Amino acid sequence: MDRYNHRDVEKKWQSYWREHQSYAVSDQQDGKENYYQLVEFPYPSGNLHVGHWYAFAVPDIRARYLRARGKNVLFPIGFDAFGLPAENAAIKHGINPRTWTYENMDYMRTQIDSMGTSFDRSREVVTCDPEYYRWTQWIFLELYKNNLVNYSTTEANWCPKCKTVLANEQVIDGHCERCDSVVEKKQMKQWQFRITEYADRLIDDLDDLDWPEEIKASQKNWIGRSEGAEIDFSIVGSERKITVFTTRPDTLYGVTYMVLAPEHQLVTELAEMISNADAVEEYKKVSAKKSEIERTNNTKEKTGVRLEGVEAINPISGEKIPVFVADYVLAGYGTGAVMAVPAHDERDHAFARKYNLPIREVIEGNVAHADVNSGVGRLCNSGDCDGMDSQAAKVVLTEKAGGRMTKTYRLRDWGVSRQRYWGVPIPMIHCDDPACGTVPVPEDQLPVVLPDVEDYLPNDEGQSPLSKKEDFVKVPCPQCGKDAKRETDTLDTFVCSSWYFLRYSDPRNETAFASEDKIKNWMPVDHYSGGSEHTTMHVLYSRFIHKALYDLGHVTTPEPYRVRMNRSLILGPDGNKMSKSKGNIIDPDSIVESLGADTMRLYLAFIGPFNSVSAYPWNPESIIGVRKFIERVWKLGAKVEKSHDDTKEADKALHACLKGVTESIDALKCNTGVAALMTCVNVLEKQQQLSVAQYGMLAQMMAPYAPHIAQEMWSEVCEEEGVISDVTWPALEEGLLMEDQIELVIQVNGKVRDKVMVDVGQADDVLERIARDSEKIKKHIEGKEVRKVIVIKGRMVNIVAV
RNA sequence: GCCUCGGUGGCGGAACUGGUAGACGCGUUGGACUCAAAAUCCAAUUGUAGCAAUACAGUGAGAGUUCGAGUCUCUCCCGAGGCACCA
């Protein structure tokens with residue numbers, strides 16, 4: 001038999017599968033249960049890297065396996081095709097982003113084919129196709145009509161040199177990624193999705209999901225719910241009040257001053273009362289400047305300025321207390337104002353020491369520390385609440401102070417406006433007539449098609465390049481018919497990827513983003529794997545969109561993903577993350593060329609559990625070992641004899657392997673499945689001959705991992721019919737795994753002292769007799785008193801002797 | 001600081017509901033084949049001592065529960081990830 005030629009074999013079967021559309025999935029198949037296995041769709045960067053391979057190949061193993069186990073498996077792929085790199089290429093090299101993107105996708109499709117994945121390519125979705133983004137726009141309008149979209153002035157990252165708005169990921173340590181100038185904040189009118197409306201449900205509904213704790217915890221941290229109270233403090237000589245948020249209303253008696261964030265409205269509103277207005281203005285300026293860089297990585301030195309002439313009243317004690325501005329209080333969190341309790345809060349403590357403010361202990365023995373949420377202890381110096389339990393006091397004192405229990409979140413509303421060209425046009429129209437204002441594009445005018453432009457640079461005000469395209473901007477108002485202007489911002493690409501998994505269920509639907517039938521048929525996703533970097537953004541955003549669609553009756557479940565897991569990471573051979581600058585990139589194409597796609601797949605499966613938090617360094621020697629294994633499997637083909645009867649030893653090895661492979665793929669620990677295959681092959685190699693059935697069974701078990709060689713073994717060596725991944729998975733014959741004899745482990749005081757072969761199924765007292773009769777054991781229990789004997793059926797005897 | 005997940009040979013990793021720690025692979029060492037090398041095959045490979053049988057130690061550290069702990073409980077150390085002047 002010839003040396004295994006992966007180049008010919010892989011090409012041959014890839015074109016066979018393509019021509020026969022072997023992996024197209026129908027919505028229903030008789031007697032088969034539907035299963036939806038999802039992987040994150042790639043950005044069409046132009047090249048598939050090892051990370052993509054890992055992300056696609058291992059779930060493909062699972063998809064193929066599940067198909068063989070009789071499931072009707074939806075395993076789709078597409079492209080997350082809008083986004084910055086295309087636009088950067090356009091600006092830098094003058095290439096049309098559309099051309100760039102579509103050419104990249106063409107090339108990446110051939111790369112994906114070279115992996116031997118079983119993706120259903122007929123269901124491909126591409127987010128920059130108008131047929132797709134028409135529905136992205138439709139979803140935007142649905143949210144808008146149902147009061148889930150805001151249009152308001154918010155801060156954007158602004159690079160004064162590039163004159164452009166930057167996404168958060170383009171801001172590196174407060175500097176512009178491209179030109180390194182210091183990034184400023186610019187106030188712009190922008191669109192936001194009201195994800196904060198869903199904050200509680202996004203946390204609480206996690207309880208019902210069977211997800212790894214780590215992912216749930218990340219989402220909860222990101223949302224950052226904090227329970228406490230809002231309390232109003234009146235101001236001496238003013239109608240206005242300072243409202244604070246606190247998690248520790250039980251410490252109200254310990255409030256000795258108050259702090260407003262420099263950006264707080266009251267600082268301006270109380271201007272006429274403030275006698276040191278100049279100093280306050282100066283402080284505001286200084287902190288605004290340092291907000292971007294210093295505030296994040298500064299020392300914890302607290303600064304602030306007292307508002308001279310302003311005094312607040314502690315609602316519980318009636319005491320008059322001073323008010324400060326200080327930038328250790330953030331405008332964007334809570335109410336932007338705090339009641340300071342220096343005795344029980346580290347930051348307030350530091351500030352009070354610096355400015356000589358009174359520190360009054362109100363919780364016994366509970367000194368200032370950051371863990372303000374713990375709140376255990378008893379009250380003191382708190383009037384008639386002395387001795388009260390901290391937890392109980394929270395409710396009592398909040399009520400007494402006229403406050404209300406409330407919750408605050410770290411999560412902000414989701415700003416979806418991007419002042420960019422290569423994205424989904426936001427389907428809104430601005431009419432000058434105040435009676436109209438912002439008007440949604442009527443549904444029958446969707447999609448708002450992204451026009452071609454000549455110039456991809458934003459204008460000097462930082463508006464999208466679309467704003468320069470007059471025939472795009474100018475449009476009659478859908479309400480009054482007068483001249484109006486189109487919105488020129490485009491949508492954050494996370495909006496596009498927040499619903500793509502729904503489109504896979506019904507990808508060519510022209511009357512809805514997907515029909516209710518199809519959604520019901522496939523959703524929720526049974527298994528979703530992806531990168532941990534998407535835990536807080538993409539996964540959270542898509543859960544929100546899905547919940548909103550659920551509330552509006554467009555989808556049938558409140559959650560989109562039954563199981564979500566994060567895949568592990570493949571590092572470069574040097575143990576670092578693969579990167580051009582480190583020169584440690586492994587190019588999958590050249591591995592496919594030299595060792596074959598099957599080798600690559602098997603290697604990635606073998607490297608370690610798919611869903612662990614670990615990162616695995618690429619080992620060039622180890623992958624050659626995997627290739628050798630493939631050669632050995634192929635060589636076994638020479639032992640196949642048509643007339644040969646199945647031998648017991650080979651069958652036993654095959655069924656032990658079947659058990660191992662089955663269990664390992666079920667748990668997505670494909671590494672132990674590969675180990676089982678190797679163990680099996682080690683035994684098969686010792687056989688003189690193998691039957692067709694035996695080699696065929698090996699081919700079937702190889703098929704999820706290494707579909708090409710498996711198909712070749714199946715079709716060419718065994719001369720069997722059909723696509724191997726569709727052939728029913730072999731049934732386990734437990735009987736074959738039964739042994740006549742077992743190795744009985746004999747312990748004395750928990751230490752292994754002897755091992756003897758004994759017939760299976762013997763009674764406990766017989767096993768104990770055998771143990772006591774062992775010469776080695778006798779030596780160990782000689783002269784000792786046997787206190788107890790534990791017999792574990794069919795496994796071991798432990799003699800306790802003192 | 002808070003939350004989550006981890007820590008097992010030279011390396012990646014196995015070990016089911018507590019029951020032989022180190023499966024499988026890589027690497028290393030020795031051997032066969034060869035004029036030689038590559039490839040292939042065979043054998044060994046947790047450490048210490050011993051020719052060996054074997055003995056002792058051993059899953060980050062320490063305690064505990066148990067006949068028996070990598071696995072369960074507690075305390076601590078280290079690493080990774082998420083959040084963080086968040087009131």
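If you're wondering where the values come from, they're calculated on a predicted model, not measured in any experiment. In the text below, chain A, chain B and the rest are named by the order of the sequence lines, each starting its count at 1.
More than 12 non-hydrogen atoms from other residues, nucleotides or ligands lie less than 6.0 angstrom from CZ of Arg404(A). For Lys779(A), the NZ atom counts as loosely surrounded, since its 6.0 Å shell holds 12 or fewer non-hydrogen atoms of other residues, nucleotides or ligands. The neighbour count for Asp210(A) CG, taken as heavy atoms of other residues, nucleotides or ligands under 6.0 Å away, does not exceed 12.
Both distances falling under 3.5 Å, in either a Watson-Crick or a G-U wobble arrangement, occur for no nucleotide opposite C33(B). Using Watson-Crick or G-U wobble geometry with both donor-acceptor distances under 3.5 Å, G79(B) finds its partner in C5(B). As the counterpart of G62(B), C74(B) is assigned, both hydrogen-bonding distances of the Watson-Crick or G-U wobble pattern falling under 3.5 Å. In a base pair of the Watson-Crick type (N1 to N3 plus N6-O4 or O6-N4) or a G-U wobble (N1-O2 and O6-N3), with each distance short of 3.5 Å, C56(B) is matched with G47(B). Base pairing of U20(B): no nucleotide in any strand meets the Watson-Crick or G-U wobble criterion (both distances under 3.5 Å).
For Asp764(A) and G19(B), the CG to C1' distance is 14 Å, given to the nearest whole Å. Following rounding to the nearest Å, Asn682(A) (CG) and C41(B) (C1') show an atom-to-atom distance of 13 Å. What separates CG of Leu668(A) from P of A14(B) is a distance of 13 Å, to the nearest Å. To the nearest angstrom, P of C86(B) lies 13 Å from CZ of Phe245(A). Here the P atom of nucleotide G82(B) and the CH2 atom of Trp222(A) are 10 Å apart, to the nearest Å. Atom P of nucleotide G68(B) and atom CZ of Arg787(A) are separated by 12 Å, given to the nearest angstrom. Here the C1' atom of nucleotide A39(B) and the CD atom of Glu631(A) are 10 Å apart, to the nearest Å.
Taking side-chain N and O atoms only, Tyr333(A) has a distance below 4.0 Å to OP1 or OP2 of A87(B). In this structure, His534(A) does not reach the G82(B) phosphate: none of its side-chain N or O atoms is under 4.0 Å from OP1 or OP2. One finds no side-chain N or O of Arg753(A) lying less than 4.0 angstrom from the OP1 or OP2 phosphate oxygen of U54(B). Note on Lys635(A): every side-chain N or O is 4.0 Å or more away from OP1 and OP2 of C41(B). The side chain of Arg347(A) contributes an N or O atom lying less than 4.0 Å from OP1 or OP2 of C86(B). An OP1 or OP2 oxygen of A14(B) is reached within less than 4.0 angstrom by a side-chain nitrogen or oxygen of Asn671(A). Side-chain N/O atoms of Arg248(A) include none lying less than 4.0 angstrom from OP1 or OP2 on A87(B). Applying the 4.0 Å criterion to OP1 and OP2 of U20(B), one finds that Lys755(A) has every side-chain N and O outside that range. OP1 or OP2 of A15(B) has at least one side-chain nitrogen or oxygen of Lys669(A) nearer than 4.0 Å. Residue Lys216(A) has no polar side-chain atom (N or O) positioned under 4.0 Å from OP1 or OP2 of U4(B).
A36(B) sits 32 Å from G47(B) when the P atoms are compared, rounded to a whole Å. Going from the C1' atom of A87(B) to that of G81(B) covers 26 Å, rounded to whole Å. A38(B) sits 14 Å from A32(B) when the P atoms are compared, rounded to a whole Å. On the C1' atoms, C33(B) is 8 Å away from C41(B), given to the nearest whole Å. Here the separation of U59(B) from A21(B), taken at their P atoms, is 12 Å to the nearest Å. Atom name P, nucleotides A63(B) and A57(B): the rounded distance is 15 Å, in whole Å. On the C1' atoms, G79(B) is 22 Å away from G22(B), given to the nearest whole Å. Taking atom P on both G9(B) and C5(B), the two are 23 Å apart, rounded to the nearest angstrom.
In terms of position on RNA chain B, the residue among Lys776(A) and Arg795(A) whose nearest nucleotide sits closer to the 5' end is Arg795(A). Comparing Met339(A) and Ile799(A) against RNA chain B, the residue whose closest nucleotide sits nearer the 5' end is Ile799(A).
Within 4.0 Å of Ala675(A), counting heavy atoms only, lies at least one base atom of the nucleic acid. Heavy atoms of Thr679(A) sit under 4.0 angstrom from primed sugar atoms or phosphate atoms, though from no base atom.
Between Trp414(A) and Tyr541(A), the angle of the ring planes stays under 30°, which puts this pair in the parallel group of the 30/60° scheme. Relative orientation of the Tyr561(A) and His538(A) rings is tilted, given thresholds of 30° and 60° on the angle between their planes.
For Asn221(A) and C83(B), a side-chain-to-base donor-acceptor distance below 3.5 Å is absent, hydrogens and geometry of angles not being considered. With hydrogens and angles ignored, a donor-acceptor pair under 3.5 angstrom links the side chain of Lys302(A) to the base of C85(B). Donor-acceptor pairing under 3.5 Å, judged by distance alone, is present between the side chain of Glu743(A) and the base of U20(B).
In this structure, Arg347(A) forms no cation-pi arrangement with Tyr328(A), as its terminal cationic atom is not both closer than 6.0 Å to the ring centre and no more than 45° off the ring axis.
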query: After noting the C-alpha distance and the side-chain angles of Arg795(A) and Lys793(A), does the key distance pass the side chain to side chain contact (heavy atoms under 4.5 Å, CB included) rule?
result: CA-CA 5 Å; Arg795(A) 264 192 219 236; Lys793(A) 265 235 171 346; over 6 Å; no
- request: List the steps and the verdict of side-chain hydrogen bond (donor to acceptor under 3.5 Å, both in side chains) for Ser529(A) and Asn611(A).
  value: CA-CA 8 Å; Ser529(A) 61; Asn611(A) 55 337; over 6 Å; no
